[in-house]
Peer 1: 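To start, I am sharing the structure in question, which I have written as structure tokens.
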Amino acid sequence: MKFINIKTIALAVVAGFSLTACEDFLDKPTIDNYNADNYYSSDTECLSGTSYLYSSPWSDFTRPFIKVGEILSGNYYPGTSPYLDFSVNGSNEDIGSLSNSLWSVVAHCNTVYNYIKDANGPTEAGKGQTMGECLTWKAIAYFFLVRTFGEIPIIHDNSAELESGSYNTAVKVKKADVYEYIIMTLEKAIELLPETPLQAGRIDKAAAEGMLAKVYLTKAGVGGSVNSDDLNNAVKYARLCLAHSTHSLMPSYPDVFRLANNINPETLIAWRWNANNNQWTDQSFMQNDYAPKGFGDDDCWAQWAGMSTDLQEAFGIKLLQQTPDIWLNNRDTRLKATMMLPGYKYDYFWTDRGGFEFLRFVYDDTYNPSVELSDKQVPWLVCPTGAYPVKHLYGDNADHILGVGYTAARMANSLATPLLRLSDVMLVLAEAKVILSNPTSPQTASSTDTEALQAINSVRQRAGLVALTSVSFEDIWKERRLELAFEGDRWYDYVRVSYYNSDFCVNDLKAQTRIAIGNGTLNDIYENYYKTGDWVVSEETKQAFEESKKREAAPMVEQLLVTDSDTGKKYLAIPMTERDVVFNPNLGANAEAVHVDVRATYSY
């Protein structure tokens, strides 16, 4: 947390800096003459003046969002990376970007909230919508911060911090108090937000309720054992969220992630990007980071990384042990929507060329003329794990025009990034109910509770899987991984469970296959399959990979364990950034966190 940036950001917001829009439905009027005295004077100005909270302040978080959420958790293989072997620390550049971005969100939300609160022109509905959005985004930023770093400061009002000069001496607050602050913030957001948002795609009451359910599920373990009251509150708010008739699961899982469905009834909260805006921080560049060269319009570069072999195995896929019929006929529709495997064709990518065929892309020199032949020499386009991601990809420029009506640009597209989906809330409900059946031993808990079964089976059956007749913690643990893979969430599941059972998390992470098969090995298999239709894997190849797994050193997960000063138990957390600690020694690892009665100290 670079506190000097909070001062800069607060002043920038006062001056109208970075008030940019995202998505056509969030377009804003020209505000060249904007200042605090003549803006936020109507509902229109309140809506346009908060639209940028859906994009700009989050931009620098998008890379650590995947590196922390998916590489640390074992879902994504990047080659050599401190996130892969758990050597990431406070000197890491991406952790610095994560901290700066999230504290930027807090600062912007605090400042804009106060402007709108004091404004005279808007209606109560307009103020409620936009103030509620500020508080929800602020709560989400704190939720990421506390789950990433553990004990962190609370910056309730930037103006007050600047006035007192205390922004560079703030102290860490105990995790339980930070969670209570997040809960208090979301409660106020729920009070303010409408049942139906004033503009489609914006945060509404159900979205804040769903996020609060997730926060309560996480907070339940902060004391070192699960708290039944918190679990009951998770159930309560999940029920409230799921009861809203305006939200429902999309019938088709892959459709959730398509450009044309940026606004859909399942996505409760999302970053909403706009490549038509000519504002760098309003645009998504996630496809560029995760698709291979030539997939888009010659601005992608991720052919060196892919979905992990461990995630493949979680889906039941073992490339060296099986034949393609296993994944080509797999019932779980999430598999193809999550990773590209040999033989897969995607009708929704490269629509101007009849669809995207994975192996043809690699081996047909005429299929992808945007990349020079010298750059297409295999096995260069076969990633080391054999499976590229699918989520966060939109396709080529023709797909972008088809989806949103305008062109993409270099490192700029408009595909929304979901942060909370209805299926997530369903799994939160199921997990809370199952743990309540055996709170003294959550990881062995199992239940036939009707509500828990209905929740998890709604998710499973949408994916094409059979309904369960009883549900265990292990069922939900796996279901969350498959349902939310590559959505920046998995590491935070480990953090949540580590609060009360770090041994389970350490053992689970150490048991993962965190190595690649190798692009040379896979190229021989893939090319032969593409040209002959035969899937041939030699016994030597199988044995070599099994031997490499045996030689694989277990990741040093313990390097990211810290001890809770109240419970004495260890939990997962990433060290604060070194530059923040240098700027403010109160943030150091040895600095003691303080207890704050947040409800007595702060108010909205």
Side-chain angles (χ1 to χ4, degrees), residues 62-88 92-94 97 284-313 317 319-320 338-342 344 349 356 358-363 365 367-368 370-396 410-411 413 485-486 488 490 512-527 530 541 544-545 548-549 552-553 555:
T62 55
R63 280 178 172 148
F65 175 68
I66 294 296
K67 290 182 178 181
V68 173
E70 301 301 320
I71 299 176
L72 268 179
S73 66
N75 279 350
Y76 189 61
Y77 177 84
T80 302
S81 169
Y83 297 90
L84 194 62
D85 63 9
F86 289 83
S87 62
V88 63
N92 182 271
E93 181 180 355
D94 289 299
S97 295
S284 174
F285 49 83
M286 294 183 79
Q287 170 167 294
N288 314 98
D289 281 350
Y290 305 117
K293 186 171 184 179
F295 179 80
D297 293 294
D298 201 23
D299 61 351
C300 301
W301 43 72
Q303 54 278 352
W304 40 266
M307 305 308 292
S308 72
T309 51
D310 198 78
L311 180 62
Q312 293 173 36
E313 291 174 1
I317 304 304
L319 292 175
L320 300 183
T338 301
M339 63 182 76
M340 298 181 189
L341 291 171
Y344 279 174
F349 295 143
F356 177 83
F358 177 36
L359 291 187
R360 187 180 176 192
F361 168 77
V362 177
Y363 297 108
D365 293 335
Y367 187 55
N368 183 14
S370 66
V371 178
E372 295 179 5
L373 180 61
S374 60
D375 285 335
K376 289 193 63 178
Q377 297 303 312
V378 291
W380 197 66
L381 283 178
V382 177
C383 73
T385 65
Y388 288 114
V390 178
K391 293 177 182 177
H392 311 300
L393 309 189
Y394 66 86
D396 62 14
R410 182 171 176 80
M411 292 186 69
N413 74 79
F486 213 59
R490 186 59 173 176
Q512 290 179 347
T513 302
R514 295 176 76 92
I515 61 171
I517 297 171
N519 55 359
T521 297
L522 289 170
N523 173 63
D524 294 339
I525 300 167
Y526 283 19
E527 185 174 21
Y530 177 71
T541 297
F545 183 62
S548 66
K549 287 168 66 175
E552 178 191 5

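All residue numbers refer to positions in the sequence shown, counting from 1. Heavy-atom basis, side chains included; hydrogens, waters and symmetry copies ignored.
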Peer 1: Give the minimum heavy-atom separation between Phe358 and Phe356, together with the two atoms involved.
Peer 2: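 Smallest heavy-atom distance, with atoms named: CA-CE2, 3.8 Å.
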Peer 1: Contact between Asp396 and Phe349 at the side-chain level, heavy atoms closer than 4.5 Å - yes or no?
Peer 2: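 With C-beta onward as the side chain, the pair stays apart.
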Peer 1: Among pairs that include at least one residue of residues 299-312, which meet salt bridge (Lys or Arg N to Asp or Glu O under 4.0 Å), considering only residues two or more places apart or in two chains?
Peer 2: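 Counting only pairs at least two positions apart or across chains, the salt bridge (Lys or Arg N to Asp or Glu O under 4.0 Å) contacts touching residues 299-312 are Asp310-Arg481.
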Peer 1: Does the separation of the ring centres of Tyr290 and Phe486 fall below 6.0 angstrom?
Peer 2: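 Yes - the distance between ring centres of Tyr290 and Phe486 falls below the 6.0 Å cut-off.
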Peer 1: For Gln287 and Cys300, indicate whether the former's side chain and the latter's backbone hold a donor-acceptor pair under 3.5 Å.
Peer 2: no
Peer 1: So do the side chains of Arg360 and Tyr530 get within less than 4.5 Å of each other, counting heavy atoms only?
Peer 2: yes
Peer 1: Go through the structure and list residues passing side-chain hydrogen bond (donor to acceptor under 3.5 Å, both in side chains) with Trp304, not counting sequence neighbours.
Peer 2: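 Testing Trp304 for side-chain hydrogen bond (donor to acceptor under 3.5 Å, both in side chains), a comparison that skips the adjacent residues, returns none.
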Peer 1: Assess whether side-chain contact (heavy atoms from CB on, under 4.5 Å) is satisfied between Lys549 and Thr309, documenting all intermediate values.
Peer 2: CA-CA 11 Å; Lys549 287 168 66 175; Thr309 51; over 6 Å; no
Peer 1: Could you measure the distance from the CG atom of Leu381 to the CG atom of Asn523? Nearest 0.5 Å is fine.
Peer 2: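 Output value for this atom pair is 10.0 Å.
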Peer 1: Quick check: closest heavy atoms across Ser308 and Leu311, and the distance to 0.1 Å?
Peer 2: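 Looks like OG-N, 2.9 Å.
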Peer 1: Provide the closest heavy-atom pair for Phe295 versus Ala291 in the form atom of the first, atom of the second, distance.
Peer 2: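 Nearest heavy atoms, Phe295 then Ala291: CD2-CB, 3.7 Å.
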Peer 1: Judged by atom type as modelled, is there a donor-acceptor pair below 3.5 Å linking the side chain of Glu313 to the main-chain atoms of Gln512?
Peer 2: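 No, because the side chain of Glu313 does not come within donor-acceptor range (under 3.5 Å) of the backbone of Gln512.
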Peer 1: Taking atom OG1 of Thr338 and atom CE of Met307, what is their separation to the nearest 0.5 Å?
Peer 2: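 Between atom OG1 of Thr338 and atom CE of Met307 there are 6.5 Å.
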Peer 1: Could you tell me whether the side chain of Glu70 and the main chain of Gly488 form a donor-acceptor pair under 3.5 Å?
Peer 2: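 Indeed, once roles are kept as given, a pair shorter than 3.5 Å links the two residues.
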Peer 1: Would a 4.5 Å heavy-atom cut-off, applied to side chains only, mark Pro292 and Phe361 as touching?
Peer 2: yes
Peer 1: Please report the closest heavy-atom contact between Tyr76 and Gly306, naming both atoms and the distance.
Peer 2: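 That closest heavy-atom pairing would be CD1-O, 3.2 Å.
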Peer 1: Can you tell me how far apart OG1 (Thr62) and CE (Met286) are? Round to the nearest 0.5 Å.
Peer 2: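 Nearest 0.5 Å value for the OG1-CE distance: 6.0 Å.
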Peer 1: Would Tyr526 and Tyr363 count as a close aromatic pair, with their ring centres under 6.0 Å?
Peer 2: no
Peer 1: To the closest 0.5 Å, what do you measure between CG (Leu341) and OH (Tyr388)?
Peer 2: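 OH of Tyr388 is found 12.5 Å from CG of Leu341.
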Peer 1: Looking at Ala305 and Pro78, what are the two nearest heavy atoms and their distance?
Peer 2: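 Closest approach of Ala305 to Pro78: CB-CA, 3.8 Å.
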Peer 1: Check the pair Ile525 / Leu320 against side-chain contact (heavy atoms from CB on, under 4.5 Å), numbers first and verdict last.
Peer 2: CA-CA 9 Å; Ile525 300 167; Leu320 300 183; 3.7 Å; yes
Peer 1: Hey, mind stepping through Asp94 and Tyr83 against side-chain contact (heavy atoms from CB on, under 4.5 Å) and telling me if it holds?
Peer 2: CA-CA 10 Å; Asp94 289 299; Tyr83 297 90; 3.2 Å; yes
Peer 1: Residues two or more places apart in sequence or in another chain: which of them pass side-chain hydrogen bond (donor to acceptor under 3.5 Å, both in side chains) with Gln312?
Peer 2: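 Gln312 satisfies side-chain hydrogen bond (donor to acceptor under 3.5 Å, both in side chains) with no residue once adjacent residues are dropped.
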Peer 1: Mind checking the OG1-CG spacing from Thr521 to Leu319? Nearest 0.5 Å is all I need.
Peer 2: 11.5 Å
Peer 1: Do Lys67 and Leu72 come close enough that some side-chain heavy atom pair is under 4.5 Å?
Peer 2: no
Peer 1: What is the minimum heavy-atom distance between Ile71 and Arg514, and which atoms define it?
Peer 2: O-NH2, 3.1 Å
Peer 1: Let me confirm one number: the CZ-CD1 distance from Arg490 to Ile66, rounded to the nearest 0.5 Å.
Peer 2: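 Here the rounded value is 14.5 Å.
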